[in-house]
Amino acid sequence: MQSRSSTEFMGTPAGWFHWIPGEMIVVVRLTRIPLDNVLDTVVEQIRIQLNTFLARYHFALDAYGTAGRWSESPTMPPVRRRAFVFGLHQKQPLLAVFFHTRHRDEQQKDPLPAALSYIHAHLEYFAQQGLHILSAMPNWIVTAAPFFYGAGGPASPPRPAPSVEVQSPPQAMPGWHLKFSPPPGLTLDAQDAEDVLVVVLDTAHHPDRIRSAATRPELRRNWLLQQLVNDMRQEDGSFVVEYDRYALTNDVRTGHDISQQARYYLMPDHGLFVSGIIRDLAPRAQIRLVRALNDFGGNDLYSFYAILTDLEHELVSGTIRRLVINLSLNIMPDIRRLPYLWFQERQWPTSQLIGVQRALGQIEEGLRLLFESLAAHGALVVAAAGNDSTLALQQELPPRPPRAPARYSSTLAVTSVNSNLLPSNFANAANLAPSTSGVATFGGDGPGVEDKNGLPDAVRGVFISPTFPSGALNNTGWADWSGTSFATPMMSALGAHLMAQGWSAANIIARLSSGQEQHSDLLSGIPPAVPSLLANIISVRQHFGL
């Protein structure tokens with residue numbers, strides 16, 4: 001059955017974007033942590049120094065939230081913070097400052113790349129002035145993987161889960177469940193990870209809507225939804241949804257249709273689906289779902305920096321003791337395509353070899369440092385490798401490399417295999433050689449692939465929107481969804497089990513990505529379980545029952 005409003009849920013992008021035009025992030029090293037009442041003064045001093053230099057090239061930087069999208073749209077949320085302090089494990093912390101870039105020639109389409117080019121070429125000059133710039137980069141688009149449409153999103157839209165009949169008592173609530181098959185040497189926590197907080201940065205429904213959904217007749221027998229809502233009612237941190245703590249806009253969108261063509265659609269259930277997987281596999285872990293992506297699965301780095309730097313401050317203050325961060329999302333383009341995207345116009349002064357190397361490092365170093373800081377405080381960051389490899393598979397090419405932040409050594413990258421433990425047809429590699437900090441687990445497969453029971457090979461989880469993107473009605477609260485997005489929370493749950501037993505984040509990454517302990521005469525190592533994905537497998541099984 002098709003909903004009359006189904007056309008509202010699916011759209012075709014008008015163009016591709018990798019960053020927000022005109023928006024710049026500059027990461028600098030400070031001598032000490034600034035007091036809150038002087039932070040704005042520090043930001044303005046940095047802006048003046050940069051503008052004094054950029055004026056010779058007819059560029060200028062404006063305070064964030066005063067130009068660009070904010071001058072064009074009255075619905076943009078107000079900007080209350082223009083800079084974020086992080087790297088608190090160092091004697092000299094870091095500061096990420098957001099700016100708007102403009103050029104004297106207002107007809108210039110996007111002045112950002114050229115302005116960054118001049119900054120990259122003069123880092124020594126700024127250091128001589130006492131301004132130590134570690135990174136100058138665009139405000140990269142963040143996706144669950146005038147609108148800015150980013151490549152990413154789940155492998156395909158959610159669809160109704162198949163109906164399965166089982167004999168059960170009248171008051172029972174049968175449904176879909178996941179179960180670990182951990183490799184030898186790994187055991188699950190006897191207390192079901194109750195001492196660990198898992199923070200999910202994702203889309204989210206308003207808490208009132210989740211509670212209301214649990215009362216709908218067709219969803220009352222969905223055990224996982226009822227469990228999540230019961231956790232919310234406890235008000236003890238078991239399951240918390242931070243819906244409006246961080247302001248978002250709807251000008252970034254993402255997604256694929258069932259044929260892997262670019263389409264955007266509403267996906268507020270994505271974060272709830274991910275949270276449900278964690279609750280199923282780590283029944284007593286604390287889950288905090290933070291709305292970091294809008295209902296179309298997109299955002300930019302502004303809210304991302306706000307959330308992650310706030311989490312670092314909580315770790316430093318002791319408010320959080322054991323932290324797992326689930327990132328079922330992607331940032332930035334494919335690393336192998338990045339040079340072609342960034343240097344498509346060769347007139348810039350950084351087009352010489354040394355300048356190219358410096359620029360490519362500079363335009364993401366600020367992001368890498370953010371994750372390095374979280375890892376330094378003991379946080380385990382688990383990130384989706386991405387779903388960009390369908391076309392590569394069709395052309396008999398290797399899978400695409402993991403997207404950021406999964407490709408950073410400070411994170412555990414997660415890619416996807418299907419229920420038969422074969423690479424999913426959309427799955428990116430778990431590692432970018434020579435790194436070995438990634439793993440593969442169950443994430444479903446593309447349309448048309450079936451499991452051993454003749455059912456669609458997909459992850460099944462909680463879904464509360466009344467209709468699916470296709471317009472089909474939601475009669476059970478269970479959906480089929482595939483992608484590395486849904487393999488990722490399985491590893492976040494396993495990471496929580498191990499962290500609750502005293503494992504460090506670094507040890508968890510090393511142990512999970514190394515696979516089963518094997519004996520070999522080869523001193524150089526042994527091949528990964530899934531060579532094409534450069535990943536070892538952690539098995540997770542799915543079944544229907546009580």
Side-chain angles (χ1 to χ4, degrees), residues 17-28 30 34-86 94-120 126 129 131 133 135-142 146-148 150 244-253 292-294 298-310 362-363 366-367 370:
F17 292 84
H18 301 287
W19 62 82
I20 304 295
E23 297 188 11
M24 179 188 296
I25 308 171
V26 178
V27 177
V28 302
L30 302 175
L35 299 175
D36 289 342
N37 60 354
V38 302
L39 187 57
D40 287 344
T41 301
V42 173
V43 170
E44 184 61 16
Q45 289 173 347
I46 293 171
R47 190 176 76 89
I48 291 172
Q49 282 183 277
L50 290 169
N51 276 341
T52 300
F53 167 78
L54 289 171
R56 70 185 72 171
Y57 304 108
H58 311 300
F59 290 97
L61 302 181
D62 295 323
Y64 197 65
T66 64
R69 293 180 284 172
W70 278 263
S71 62
E72 298 165 3
S73 173
T75 61
M76 291 293 292
V79 171
R80 294 183 174 86
R81 293 190 285 175
R82 295 186 169 89
F84 305 96
V85 178
F86 66 104
L94 308 178
L95 183 70
V97 190
F98 284 69
F99 296 111
H100 295 285
T101 311
R102 58 183 167 84
H103 191 268
R104 181 180 298 174
D105 179 6
E106 296 182 358
Q107 301 303 313
Q108 191 173 101
K109 186 177 181 180
D110 183 5
L112 174 72
L116 284 178
S117 172
Y118 289 114
I119 292 175
H120 294 157
F126 289 114
Q129 308 302 311
L131 182 60
I133 298 176
S135 180
M137 61 185 187
N139 185 4
W140 294 107
I141 283 178
V142 182
F147 297 116
F148 306 122
D244 51 11
R245 179 177 174 182
Y246 300 95
L248 307 179
T249 66
N250 274 330
D251 54 1
V252 179
R253 300 184 172 189
L293 301 174
N294 61 39
N299 199 5
D300 56 63
L301 282 181
Y302 178 79
S303 297
F304 205 71
Y305 263 90
I307 297 167
L308 292 178
T309 55
D310 283 351
Q362 284 280 304
I363 60 177
L367 191 60
L370 178 61

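Quick caveat, the model's predicted, so the values are computed rather than measured.
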* **Interatomic spacing from CZ in Arg245 to CD1 in Ile307 - rounded to 0.5 Å** => 8.5 Å
* Structure fact -> Heavy-atom nearest pair, Ala96 first then Ile25, reads CB-CG2, 4.2 Å
* With sequence neighbours excluded, residues passing side-chain hydrogen bond (donor to acceptor under 3.5 Å, both in side chains) with Thr52 -> none
* **Shortest non-hydrogen contact between Pro111 and Phe59, atoms and distance** => O-CE2, 3.5 Å
* To do: Could I get the full list of side chain to side chain contact (heavy atoms under 4.5 Å, CB included) partners for Arg80, not counting sequence neighbours?
  => Pro78
* Hey, is CG on Asp36 packed in by over 12 heavy atoms from elsewhere, all under 6.0 Å? -> no
* For Leu39 against Ala83, the heavy-atom pair lying closest together -> CD2-O, 4.1 Å
* To do: Mark yes or no for whether Asn51, through its side chain, and Ala60, through its backbone, hold a donor-acceptor pair below 3.5 Å.
  => no
* **From CE (Met24) to CG (Leu116), nearest 0.5 Å** => 4.0 Å
* Structure fact -> Rounding to 0.5 Å, atoms CG (Leu293) and CG (Asp300) come to a distance of 10.5 Å
* Asked: Any sub-3.5 Å donor-acceptor pair from Thr309's side-chain atoms to Ala306's backbone N or O?
  -> yes
* Structure fact -> Correct closest heavy-atom pair for Leu30 and Leu95 would be CD1-CB, 3.8 Å
* To do: For Leu131, enumerate each residue passing the side chain to side chain contact (heavy atoms under 4.5 Å, CB included) test, keeping only those at least two apart in sequence or located in another chain.
  => Val28, Ile46, Gln49, Leu50, Phe126, Ile133
* Excluding sequence neighbours, so at least two apart, what forms side-chain hydrogen bond (donor to acceptor under 3.5 Å, both in side chains) with Gln362? -> none
* Do you know the tightest heavy-atom contact between Gly366 and Ser135? -> N-OG, 2.9 Å
* Criterion ring-ring contact (aromatic ring centres under 6.0 Å, His included) on Phe84 and Tyr302, from CA distance to verdict -> CA-CA 9 Å; Phe84 305 96; Tyr302 178 79; 5.3 Å; yes
* Structure fact -> To the nearest 0.5 Å, atom CG of Leu301 lies from atom CG of Leu370 at 8.5 Å
* Does some side-chain heavy atom of Glu23 sit less than 4.5 Å from a side-chain heavy atom of His100? -> yes
* Structure fact -> Residue set satisfying ring pair (Phe, Tyr, Trp, His ring centres under 6.0 Å) with Phe86, at least two apart, ordered chain then number -> Tyr305
* Under the salt bridge (Lys or Arg N to Asp or Glu O under 4.0 Å) test, which residues partner Arg102, sequence neighbours left out? -> Asp62
* For Ser71, check side-chain hydrogen bond (donor to acceptor under 3.5 Å, both in side chains) against everything at least two apart and list the hits. => none
* For Ala63, which residues count as a side chain to side chain contact (heavy atoms under 4.5 Å, CB included) partner, sequence neighbours excluded? -> Thr66, Arg82
* Looking at residues at least two apart in the chain, or sitting in another chain, which of them share a side chain to side chain contact (heavy atoms under 4.5 Å, CB included) with Ile363? -> His120, Met137, Pro138, Trp140, Leu338, Trp342, Leu360
* Measure the spacing between CZ of Arg69 and OH of Tyr64 and express it to the nearest 0.5 Å. => 4.5 Å
* In chain order, what residues pass the side-chain hydrogen bond (donor to acceptor under 3.5 Å, both in side chains) check against Glu44, with sequence neighbours excluded? -> Arg47
* Taking the side chain as every heavy atom from C-beta outward, state whether Val252 and Ile20 have any pair of such atoms under 4.5 Å apart. => yes
* Asked: Can you name the closest pair of heavy atoms from Pro113 and Asp110 and give their distance?
  -> CD-O, 3.3 Å
* Return the set of residues passing salt bridge (Lys or Arg N to Asp or Glu O under 4.0 Å) with Arg81 (not counting sequence neighbours), or none when no residue passes. => Asp310
* Asked: Do Pro21 and Leu112 touch side chain to side chain, with heavy atoms closer than 4.5 Å?
  -> no
* Spatial distance of atom CG (Asn299) from atom OH (Tyr246) [nearest 0.5 Å] -> 12.5 Å
